[in-house]
K.L.:
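Dumping the structure here so I can ask a few things about it.
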Amino acid sequence: AALRDAWKPVFDRHGVDLVLTGHDHTYGRTGLVAPGAAGAGVRRGSGTVYVASVSGPKMYDLSKKHPVEMRRVAEDTQLYQVISIDGPVLRFEARTATGELYDAFTLMKRAGQVSDMTEQVPNTPERRRPRKKE
């Protein structure tokens, strides 16, 4: 929470579209997270997508609590990302180690407005561990 509170205002101020993090042992992606409360330093029309990914074989359960709603998650799945940028268009794909498309979205930058996000999640079911009955 402390890191999130420290970094999110910086991302908002600079209009960061995509934050990629690693050294996690699960996959999680948000939708477009709007900037914090309007005020000094918040860039009008910004919004950020956050992705944490995993490529190694060490895995663990996803926490039930996330600071924001996760739009796509995975457990026990090695993934890599393919990102392309063409002018105002950013395309993101998360693929399994065997190349299967697992997650995808496109961000269209719009001057002075929040970017337009189009999710292109394939029909591939989310990969989650079976939950223990309590």
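Values below: all heavy atoms of this structure, side chains included; hydrogens, waters and symmetry mates excluded.
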K.L.:
What are the two closest non-hydrogen atoms of Val16 and Thr48, and how far apart are they?
P.N.:
O-OG1, 2.6 Å

K.L.:
So, taking the atom named CG in Leu79 and the one named OG1 in Thr96, what distance separates them when rounded to the nearest 0.5 Å?
P.N.:
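One gets 7.0 Å once the value is rounded to the nearest 0.5 Å.
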
K.L.:
Using the rule that Ile, Leu, Val, Met, Phe, Trp and Tyr join whenever any side-chain heavy atoms are under 4.5 Å apart, tell me whether Leu101 and Phe92 fall into a single cluster.
P.N.:
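No, Leu101 and Phe92 fall in different hydrophobic clusters.
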
K.L.:
Apply the test side chain to side chain contact (heavy atoms under 4.5 Å, CB included) to residues Thr77 and Tyr27: give CA-CA distance (whole Å), side-chain angles for both, the deciding distance (0.1 Å), then the verdict.
P.N.:
CA-CA 8 Å; Thr77 305; Tyr27 175 83; over 6 Å; no

K.L.:
Can you measure from CD (Gln81) to CZ (Arg29) and round to the nearest 0.5 angstrom?
P.N.:
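Between Gln81 CD and Arg29 CZ, I get 11.5 Å after rounding to 0.5 Å.
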
K.L.:
Is the count of non-hydrogen atoms from other residues, nucleotides or ligands lying under 6.0 Å from Asp86 atom CG greater than 12?
P.N.:
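Counting other residues, nucleotides and ligands, CG of Asp86 stays at 12 neighbours or fewer.
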
K.L.:
Which atom names give the shortest non-hydrogen contact between Asp17 and Leu107, and what distance separates them?
P.N.:
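Shortest heavy-atom separation between Asp17 and Leu107 comes out as O-CD1, 3.7 Å.
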
K.L.:
Applying the 4.5 Å side-chain criterion to the ILVMFWY set and letting contacts propagate, would Val49 and Leu20 be lumped into a single cluster?
P.N.:
yes

K.L.:
Would you please name every residue forming a salt bridge (charged side-chain N to carboxylate O under 4.0 Å, His left out) with Arg95, sequence neighbours left out?
P.N.:
Glu93

K.L.:
My understanding is that only residues two or more places apart in sequence, or in another chain, count here; which of them pass ring pair (Phe, Tyr, Trp, His ring centres under 6.0 Å) with Tyr102?
P.N.:
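Counting only residues at least two positions away or on another chain, Tyr102 forms no ring pair (Phe, Tyr, Trp, His ring centres under 6.0 Å).
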
K.L.:
Do the side chains of Met108 and Phe105 join up, straight or via other hydrophobic residues, at under 4.5 Å, putting them in one cluster?
P.N.:
no

K.L.:
What I'd like to find out is whether the side chain of Asp76 reaches to under 4.5 Å of the side chain of Arg127, using heavy atoms alone.
P.N.:
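No, side chains not in contact.
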
K.L.:
When you measure from the side chain of Ser53 to the backbone N and O of Thr21, does any donor-acceptor pair fall under 3.5 Å?
P.N.:
no

K.L.:
Same hydrophobic cluster for Val51 and Met117, using side-chain heavy-atom links shorter than 4.5 Å among ILVMFWY?
P.N.:
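Val51 clusters together with Met117.
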
K.L.:
If you compare all heavy atoms of Ser115 against all heavy atoms of Leu32, which two are closest, and at what distance to 0.1 Å?
P.N.:
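Heavy atoms of Ser115 and Leu32 come nearest at O-CD2, 3.1 Å.
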
K.L.:
Thr118: which residues meet the side-chain hydrogen bond (donor to acceptor under 3.5 Å, both in side chains) condition with it, sequence neighbours left out?
P.N.:
none

K.L.:
Between CD of Gln120 and CG of Asp103, what distance do you get to the nearest 0.5 Å?
P.N.:
9.5 Å

